[in-house]
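Single-structure report; data block below.
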Amino acid sequence: MTQSSPKGAPTPPAPAEAGLHAQVLDRLGTVICNGELPAGSVLSIDDLIDRYQVSRSVIREVLRVLASMGLIETRRRVGIMIQPAQAWNVFDPQVIRWRLASGGRMAQLRSITELRTAIEPYAAALAATHVSDDEASELVGLAAKMWAAGKAGDETRFLDLDIEFHRRVLAASGNEMFEKLHLIVAEVLAGRHHYHLMPHYPDEQALHLHTDVAQAIQRRDGERARRAMVGIMEQGFAEMKSMWERSAEPGGR
């Protein structure tokens with residue numbers, strides 16, 4: 001049970017309870033995003049306590065988080081109702097992770113890649129205007145490290161560098177809203193890696209394009225940076241297109 005400090009502020013849950021909270025949140029979020037608990041399903045706290053064998057306080061905290069994500073809604077005299085996907089906070093990285101773990105994985109990858117295609121090329125163009133000399137040099141260095149990791153087939157190293165590369169481009173744009181999108185980009189790149197939806201050796205064209213983005217930003221050539229980032233997005237689409245076409249999931253195309 002959550003205790004209060006002398007001033008009345010709630011203290012953090014004990015480590016064991018916090019661990020249970022994370023486990024139950026992940027399991028319940030996954031089954032909702034999987035469709036195992038379809039929209040309109042009604043749950044009760046007592047049922048969830050029995051199902052997951054945890055305390056009432058853990059279940060209440062899990063439900064609070066799920067409600068903040070739009071996955072559930074508590075209604076008086078009804079209970080805890082699962083909400084339709086249209087109500088979910090689809091920008092929440094945890095929701096993205098659960099959707100990538102579901103049968104709708106390809107549709108989720110498609111929608112995020114389309115979002116990235118709309119945003120990241122413009123972010124690259126802005127970065128060419130706002131980036132500092134040191135930041136630009138570090139970006140070029142990152143592209144070189146990506147090249148080396150890709151050629152070596154070091155998938156884990158390449159993934160970490162790829163996530164950092166795109167984070168830095170978004171941050172260098174000078175737009176704080178673009179910068180926050182790096183969490184979404186990280187989830188989709190990690191998801192592609194986890195579910196083996198990326199080639200073991202990155203396409204050489206993709207490696208060239210990352211280098212082109214970095215060099216164009218360093219040279220303050222916004223239009224070239226934009227075009228190169230469009231190329232990265234298009235190349236990513238091409239890699240996944242055949243997967244979508246083979247997928248029987250609604251939304252795959």
Side-chain angles (χ1 to χ4, degrees), residues 90-97 100 108-109 111-195 197-240:
V90 294
F91 288 95
D92 189 294
Q94 209 156 12
V95 173
I96 291 170
R97 194 176 313 135
L100 286 174
Q108 174 69 113
L109 285 168
S111 61
I112 294 180
T113 305
E114 289 173 348
L115 174 69
R116 292 181 65 196
T117 303
I119 299 298
E120 290 195 66
Y122 187 50
L126 288 175
T129 300
H130 297 292
V131 74
S132 71
D133 289 342
D134 287 346
E135 289 170 335
S137 295
E138 289 170 1
L139 197 61
V140 171
L142 265 177
K145 291 175 183 177
M146 286 180 67
W147 185 284
K151 288 297 185 180
D154 188 341
E155 294 180 82
T156 300
R157 173 75 169 152
F158 182 84
L159 172 65
D160 291 342
L161 292 168
D162 198 12
I163 289 172
E164 181 63 8
F165 182 90
H166 289 277
R167 183 193 72 78
R168 292 198 184 205
V169 171
L170 289 166
S173 73
N175 183 304
E176 75 282 3
M177 298 186 77
F178 285 3
E179 183 175 1
K180 291 296 183 183
L181 290 176
H182 85 268
L183 296 172
I184 293 176
V185 174
E187 284 298 336
V188 72
L189 291 175
R192 286 188 64 192
H193 175 79
H194 180 76
Y195 295 108
L197 298 176
M198 296 182 78
H200 180 68
Y201 290 95
D203 186 276
E204 189 161 314
Q205 178 66 11
L207 296 174
H208 276 295
L209 287 167
H210 281 82
T211 300
D212 288 347
V213 168
Q215 291 179 345
I217 289 174
Q218 186 179 47
R219 294 168 184 168
R220 314 292 175 172
D221 188 339
E223 177 56 24
R224 181 182 170 193
R226 185 195 67 78
R227 289 198 307 268
M229 187 63 84
V230 168
I232 290 174
M233 299 298 110
E234 289 177 345
Q235 193 271 340
F237 263 121
E239 278 186 350
M240 291 186 288

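Not measured: the values here are computed from a predicted model. Residues take their numbers from the sequence shown, with the count starting at 1.
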Heavy-atom closest pair, residues [X] and [Y]:
X    : Y    : result
P93  : L183 : CG-CB, 3.8 Å
V213 : A225 : CG2-O, 4.0 Å
G191 : L100 : CA-CD1, 3.9 Å

Distance (rounded to the nearest 0.5 Å) between [X] [atom1] and [Y] [atom2]:
X    : Y    : atom1 : atom2 : value
T113 : E120 : OG1   : CD    : 9.5 Å
Q235 : D203 : CD    : CG    : 4.5 Å
M177 : I119 : CE    : CD1   : 9.5 Å
I184 : I96  : CD1   : CD1   : 4.5 Å
L181 : E187 : CG    : CD    : 13.0 Å

**Prompt:** Given E176 and K180, is the salt bridge (charged side-chain N to carboxylate O under 4.0 Å, His left out) satisfied, shown in steps?
**Reply:** CA-CA 7 Å; E176 75 282 3; K180 291 296 183 183; over 6 Å; no
**Asked** Do other residues, nucleotides or ligands put more than 12 heavy atoms under 6.0 Å from the CZ atom of F91?
**Response**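 Not buried by this count: 12 neighbours or fewer within 6.0 Å.
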**Prompt:** Would a distance-only check, ignoring hydrogens and angles, find a side-chain to backbone donor-acceptor pair under 3.5 Å from H210 to L207?
**Reply:**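 Such a contact is absent between H210 side chain and L207 backbone.
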**Request:** For S173 and V169, indicate whether the former's side chain and the latter's backbone hold a donor-acceptor pair under 3.5 Å.
**Result:**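 No; zero donor-acceptor contacts below 3.5 Å.
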**Request:** Begin from the C-alpha positions of L189 and R116 and carry the test side chain to side chain contact (heavy atoms under 4.5 Å, CB included) through to its verdict.
**Result:** CA-CA 11 Å; L189 291 175; R116 292 181 65 196; 3.8 Å; yes
**Message:** Could you check whether R97 pairs with D92 (Lys NZ or Arg NE/NH1/NH2 to Asp/Glu carboxylate O, under 4.0 Å)?
**Reply:** no
**Asked** Taking NZ, NE, NH1 and NH2 as the nitrogens, is one of them in R227 or E223 under 4.0 Å from a carboxylate oxygen of the other?
**Response** yes
Only pairs under 3.5 Å count here: list side-chain donor-acceptor contacts from residues 142-160, not counting sequence neighbours, and write none if there are none.
residue : atom : partner : partner atom : Å
K151    : NZ   : E204    : OE1          : 2.6
D154    : OD1  : R157    : N            : 3.1
E155    : OE2  : H200    : ND1          : 2.7

Contacts table for residues 121-132: side-chain donor-acceptor under 3.5 angstrom, sequence neighbours left out:
residue : atom : partner : partner atom : Å
S132    : OG   : E135    : N            : 3.1
S132    : OG   : E135    : OE1          : 3.3

**Request:** Taking the side chain as every heavy atom from C-beta outward, state whether I163 and V185 have any atom pair closer than 4.5 Å.
**Result:**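 Counting from C-beta outward, I163 and V185 never come under 4.5 Å.
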**Side-chain touch Q218/L139, heavy atoms, less than 4.5 angstrom** = no
**Request:** Take H166 and I232 through the side chain to side chain contact (heavy atoms under 4.5 Å, CB included) test and state the conclusion after the steps.
**Result:** CA-CA 11 Å; H166 289 277; I232 290 174; 4.2 Å; yes
**Item:** Test item: side-chain donor near acceptor, S111 and Q108, under 3.5 Å
**Value:**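 Looking only at side-chain atoms, Q108 and S111 do form a donor-acceptor pair, the distance falling under 3.5 Å.
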**Prompt:** Can you list the steps and then say if R220 with D133 is a salt bridge (charged side-chain N to carboxylate O under 4.0 Å, His left out)?
**Reply:** CA-CA 10 Å; R220 314 292 175 172; D133 289 342; 2.7 Å; yes
